[in-house]
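This report concerns only the one structure given below.
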Amino acid sequence: MMSHLDFVKNLRPDRNLGMELVRATEAAAISARHFIGKGDKNAADGAAVDAMRAFLSTVDMQGVIVIGEGEKDDAPMLYNGEQVGSGQGPMCDIAVDPIDGTSLTAAGRQNALSVIAVADRGSMLDASTVFYMDKLVAGEEARGVLDIRLPIAENIRLLAKAKGKPVDEMVIAVLDRPRHAGLIEDIRAAGAATRLMLDGDVAGGINAAMYGTRIDMCVGTGGSPEGIVTTCAIKALGGFIQGMLAPKDEEEAARGIAAGLKMNYVYSADELVTSDNTLFVATGVTDGGLVQGVRRKGPIIRTDSIILRSASGTIRRIQSDYSAERWG
């Protein structure tokens, strides 16, 4: 007979957990709203971290933060390895980003999100020793078609053929960074258009994989943690993602190898997150293509959120109204 402990260990993240976690991203977004456009990204992030952590402690799960705000000594809250949740319920790997796009929030620009991703315990790749990752993200048409090792022009041509659209109608999302100058030039030389993102490549990747958006592909070098978070969403959308770690120097590469990571290797979605049972929850801090930002409407504060669940392949959109008086 299965013991109570064995039963708890066998529990997995379910749809109810997603509904609980959205309260934490909503709280983080609401707490950050005072700092939108005020130029202080650290204050915005601090407020979001405090709010998210308070709500996570009430959620019935046995969570371990695999991707957080940093190491314990540098991040007193939501640090890598911290245990969160009530201590009851499913055993989960947790990736948190109280604000994906702190600079966007501080400047009042679009596409800042509060994000939580969840998967079965032990299933998220810990790539914390190598900060950057080259990523290629697209929709389900890209599966078995694209390869991150190919020239970008070739991948654009292949995806355009798979989607049945002309190359000159393809839109490729890229972070607007000096390191991407050559990549941007190659995309345009191939005949496609670019959608340059100031920050927040999680939203860019999701929009590339989600049906009905204007973005066909998201490419470029961004944070490795964001690659893991994006993978949890891509699994729910049935999309495509590949990643290759991009160490800044030989020393970082050596640290990655010592931690068991592979250099010059293409990680598939199933290697970035081995579980097929993932949740991705996001609430808009500022307006964007994925969700609208948090906003005050008279006596209420309204949030716009999305929950993606791979086990059922569902996308839930949630609009919540909070009493502004209670939130200050």
Side-chain angles (χ1 to χ4, degrees), residues 100-101 104 109-113 132-224 226-244 246 266-270 272 280 282 284 287-292 306 308 313 315:
D100 177 41
L104 299 177
R109 295 191 176 109
Q110 291 190 335
N111 288 320
L113 301 171
Y132 284 112
M133 177 186 291
D134 295 329
K135 289 168 272 190
L136 173 61
V137 189
E140 63 179 354
E141 301 92 345
R143 298 173 72 176
V145 174
L146 301 189
D147 189 325
I148 195 171
R149 293 165 294 190
L150 293 175
I152 186 61
E154 180 69 5
N155 275 324
I156 291 171
R157 185 190 67 78
L158 289 170
L159 186 58
K161 181 179 180 181
K163 298 185 78 166
K165 63 190 296 186
V167 168
D168 62 6
E169 291 184 9
M170 298 287 286
V171 178
I172 314 300
V174 188
L175 280 173
D176 190 6
R177 299 287 188 274
R179 64 178 177 266
H180 289 151
L183 176 61
I184 292 167
E185 183 178 333
D186 289 344
I187 292 169
R188 292 171 176 169
T194 55
R195 178 70 57 83
L196 299 184
M197 303 177 293
L198 293 172
D199 208 341
D201 64 342
V202 172
I206 294 171
N207 280 323
M210 187 174 290
Y211 176 78
T213 71
R214 187 68 184 90
I215 296 174
D216 297 290
M217 187 192 305
C218 185
V219 296
T221 306
S224 297
E226 287 81 359
I228 306 303
V229 171
T230 302
T231 301
C232 288
I234 298 309
K235 286 203 159 196
L237 294 169
F240 172 88
I241 183 170
Q242 287 181 336
M244 296 183 70
V266 178
Y267 281 93
S268 67
D270 287 336
L272 294 170
F280 173 90
D287 287 342
L290 189 63
V291 285
Q292 292 186 313
I306 189 169
L308 308 177
I315 303 172

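For Lys165 and Asp216, the salt-bridge test passes: some basic side-chain N is under 4.0 Å from an acidic carboxylate O.
Residue Gly220 comes nearest to Leu183 through the heavy atom pair CA-CD2, 3.9 Å, listed as atom of the first residue, atom of the second, then distance. Of all heavy-atom pairs between Arg214 and Glu169, the closest is NH1-O, 3.3 Å. Across all non-hydrogen atoms, the minimal contact from Val167 to Ala190 is CG1-O, 3.3 Å. Across Ile187 and Ala193, no two heavy atoms sit closer than the pair CG2-O, 4.1 Å. Between Ala269 and Thr231 the shortest heavy-atom distance is O-CG2, 3.6 Å. For Gly101 against Ala112, the heavy-atom pair with the smallest separation is O-CB, 3.6 Å.
Each of Leu146, Val202, Ile241 was scored for a side chain to side chain contact (heavy atoms under 4.5 Å, CB included) with Val137, with one residue passing: Ile241.
Side chain of Thr221 to backbone of Asp134: no donor-acceptor contact under 3.5 angstrom is found. With hydrogens and angles ignored, the 3.5 Å screen pairs a side-chain donor or acceptor of Asn155 with a backbone N or O of Asp147. A donor-acceptor contact shorter than 3.5 Å is absent between the side chain of Arg157 and the backbone of Ile152.
Within a 6.0 Å radius of CZ in Arg179, more than 12 heavy atoms belonging to other residues, nucleotides or ligands are found. For Glu185, the CD atom counts as loosely surrounded, since its 6.0 Å shell holds 12 or fewer non-hydrogen atoms of other residues, nucleotides or ligands.
Residues Lys161 and Val145 form no side-chain contact, since every pair of their non-hydrogen atoms from C-beta on lies 4.5 Å or further apart. Side-chain atoms of Leu136 and Phe240, non-hydrogen and from C-beta on, do get closer than 4.5 Å to each other. Looking at Ile306 and Ile206, their side chains never come closer than 4.5 Å, going by heavy atoms from C-beta outward. Side-chain contact between Thr230 and Asp201 is absent, with no heavy-atom pair separated by less than 4.5 Å.
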**Q.** Worked check of side-chain contact (heavy atoms from CB on, under 4.5 Å) between Met210 and Ile215
**A.** CA-CA 9 Å; Met210 187 174 290; Ile215 296 174; over 6 Å; no

Q: Please report the C-alpha distance between Gln242 and Arg149 in whole Å, then the side-chain angles of each, then the deciding distance to 0.1 Å, and finally whether the side-chain contact (heavy atoms from CB on, under 4.5 Å) criterion is met.
A: CA-CA 10 Å; Gln242 287 181 336; Arg149 293 165 294 190; 5.8 Å; no

Q. After noting the C-alpha distance and the side-chain angles of Thr194 and His180, does the key distance pass the side-chain contact (heavy atoms from CB on, under 4.5 Å) rule?
A. CA-CA 12 Å; Thr194 55; His180 289 151; over 6 Å; no

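Residue Asp199 holds its CG atom at 10.5 Å from CG of Leu113, rounded to the nearest 0.5 Å. One finds the CE atom of Met217 at 15.5 Å from the NZ atom of Lys135 (value rounded to the nearest 0.5 Å). Atom CG of Leu308 is separated from atom CD1 of Ile234 by 8.5 Å, given to the nearest 0.5 angstrom. How far CD1 of Ile184 is from CZ of Arg177: 10.0 Å, rounded to the nearest 0.5 Å. Considering CG of Asp176 and CG of Leu196, their distance stands at 4.5 Å, rounded to 0.5 Å. Going from atom CG of Asp287 over to atom CG of Asn111 covers 9.0 Å, rounded to the nearest 0.5 Å.
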